[in-house]
Amino acid sequence: MTCSLTLRTDRTLARAQARSRRALVATVIAPDAPQRVPRPPIDLALVLDRSGSMAGDDKLPLAKEAIRRALLQLDAGDRVALVVFDDDVALLAPLAELTPLHRALMLGALDGVEARGSTDLGGGWLRGCEQLAAALAAPRAAGAPARTVRCIVLTDGQANVGIRDAATFAQHAEALRGRGIVTSAFGVGDDFDELLLRDLARAGGGSFHFIPGAHAIAGVLTAELEDALAIVRREAVLELVVDPGIELAPLGAFPIRRREGRLFVELGDLAARQELECVFEATLPHGTEGDEVLVRASLHTAGTRDEAGASVRWRFDSHAANDAQPRDPAVDAITARFTLARAREEAARLNREGNAAAAAAAMRSAVHAFDPLAKANAEVALLRELAAAEMTEVSAPMSPAQLKRMVHDVDKTTRARDEAGRVRRR
Amino acid sequence: MRHDDPAPDTPLDLAALARLADVSPRTVRYYLQQGLLPAPVGRGPGAYYTADHLARLRLIRAWQERHQPLAAIRAALAPLDAAGVRAALAALGPRTPGATTTALEYVRALLGEPAPQAQQAAPAHAAPAPLPRAEPTGSLRAARVGPVRERTSVGPTDDDDVVAMDAVGERAASDARLHDAAPAPAADQLALFPRPTRATWERHTIAADVELHIRRPLTRDQQRRVDQLLDLAAQLFREDA
């Protein structure tokens, strides 16, 4: 079975006498897992914050329990490494197959972990990545299946030793993702840097999870592993080729590359039946009535070019024809969700910087953007009401928990995660 | 400049600047905050960026792709005017084909550790600069739970880990044999998991509620500076008393 790819636009006519702005939505659906075929094994590095603050609210004991439970999801063909960090980094268990002996020794080492010290998040993360990188560098036996490679970092605080800025984390996470290592980031409680962890996971190709209470760590880790163990396609890339004069601006949060006039959206690994959308704002040139312009999309995955393809055409026509043309309500609704997500992201950033007035203005812009469509589209009307309500929320200083929730919600929307933060499945 | 760039005097909004430089608007804002990019021309909704901003942004990006840390980039950018930025960008040229590091080379370079033996011939510029070991900020003491413990110093665990990691496959096979042999781990099997790093900490009381903590061993130069620091601290607190 192959992936499916569809391309839709909100309106199919473009203005001959002026530039037009249209929405473009690419929907990718991964196939189901093949029957009677063992799942790919995983190389997993678990990187756990043991800084002093993890002693509060039972975070460290509950994180350790979550790891114990997570190990039950894995079998002897999987390999696991365990790193803990405060301002020192300790490799408690090097990457090795999860035999009963390795499992017992790992759990024993985990039992002895106590909270202390500061937070060298970067050092801990890189030590976990080093374990995975060493395995990637080792020769693979003939016929051995490709392995899923994941580094999962869990922290409750600010990186205050070693790497401390989000841009550097993202730079290295992107570089390592390009070299085969995916990073997910779990933030527990109210004190971690949500933008840093979000950017680490975005650039790292993994998931960002905001976990307000430590009791939820186990459920989130279990779900993350379930998604990682269900990978059916690796390194999916959506390629878009546009006719001259068309500009595409992405509204989502997948990494984008532009090369030789083409746009590449890096979707990462796809789980069985995963469904995701990439939304763009297309700016079309003016043209001659009756002529058409075209966007072509292709989906590539590791080892397979052009696994799926689709295209959309716009035909140039008069202002009157453009004004009268029907709209695709489903595309309008999806685009509105992404537009609202971008407004919320901007509002959260501004509020975080202490500029609540500008944050409210960002949400107000979204409300006004929805006005023309809200009357005819119930979902857009609902999103407009949500934006109006949030305008009030962001117009005053938001608490750390409120900011984290908003940043997390936006990330889930723009990276095709469901309410629980899991990949969305058809 | 590239063939598809807009005319040099075309004003660019944030989205256009980001798109042309192949970065996100958020990255541009971050560079502005860090002082790596000058502010846009004008203020408010009409603010715009110029070709000079674009060139500088591309240079920052090119240096980052060559794994230079932001602090080094900031220092290198400081003396450059617009012409200097363009010259630096032109001098970089395209990345050398084949100068691609593996994940292991990349991480080891960041951690300041030796590259894997098979890769040591890789060009130096292909690997990232090692990370500086910055001093902790914020309330380090507040974050520390319990008393500072006495620890004994051993050689860097990192080297042990390097040896351990190179034997991942061997260890897996070894584990299987040990599992078949006996259920209870013997002492030598516990060596699979290296003990946490230990070091010696010294506490120097400077005044009531004020201490200096030092982790040994120190280099001779570090010891000299610590002695100076302690003398100065003692003098300060004597003056305050």
Return the option, out of L136(A), V84(A), D165(A), with the maximum number of heavy-atom pairs under 4.5 Å with chain B. D165(A)
Would you give the length of the straight line joining atom OG1 of T27(B) to atom CG of D199(A), rounded to the nearest 0.5 angstrom? 7.5 Å
So what's closer than 4.5 Å to chain B heavy atoms on R257(A): side chain, backbone, both or neither? both
Pairing residues for D58(A) by the salt bridge (Lys or Arg N to Asp or Glu O under 4.0 Å) criterion, not counting sequence neighbours: none
Go through the atoms of E174(A) and report whether side chain, backbone, both or neither lie under 4.5 Å from a heavy atom of chain B. side chain
Using non-hydrogen atoms and a 4.5 Å limit, figure out which bit of E345(A) sits close to chain B: side chain, backbone, both or neither. neither
Should we count CZ of R19(A) as having more than 12 external heavy atoms under 6.0 Å? yes
Contacting region of A137(A) [heavy-atom separation from chain B under 4.5 Å]: side chain
What one should report as the nearest heavy-atom pair of H172(A) and Y106(B) is ND1-OH, 2.7 Å
ring-ring contact (aromatic ring centres under 6.0 Å, His included) filter on Y31(B), not counting sequence neighbours, yields none
Assess whether atom CZ of R262(A) is packed by more than 12 heavy atoms of other residues, nucleotides or ligands within 6.0 Å. no
Does the pair E105(B)/R179(A) count as a salt bridge with the N-to-O cut at 4.0 Å? no
I'd like to know whether CG of N355(A) has more than 12 heavy-atom contacts from other residues, nucleotides or ligands below 6.0 angstrom. yes
Can you confirm whether Y48(B) is buried at OH, in the sense that more than 12 heavy atoms of other residues, nucleotides or ligands lie under 6.0 Å from that atom? no
Can you find a heavy atom in the side chain of L176(A) that is under 4.5 Å from one in the side chain of V107(B)? yes
Please report the closest heavy-atom contact between A103(B) and I181(A), naming both atoms and the distance. CB-CD1, 4.0 Å
Heavy-atom pairs under 4.5 Å with chain B, option from L195(A), L82(A), I256(A) with the top count: L195(A)
Which atoms of L248(A) are under 4.5 Å from chain B, going by heavy atoms: the side chain, the backbone, both sets, or neither? backbone
Does the side chain of R29(B) reach to within under 4.5 Å of the side chain of E353(A), using non-hydrogen atoms? no
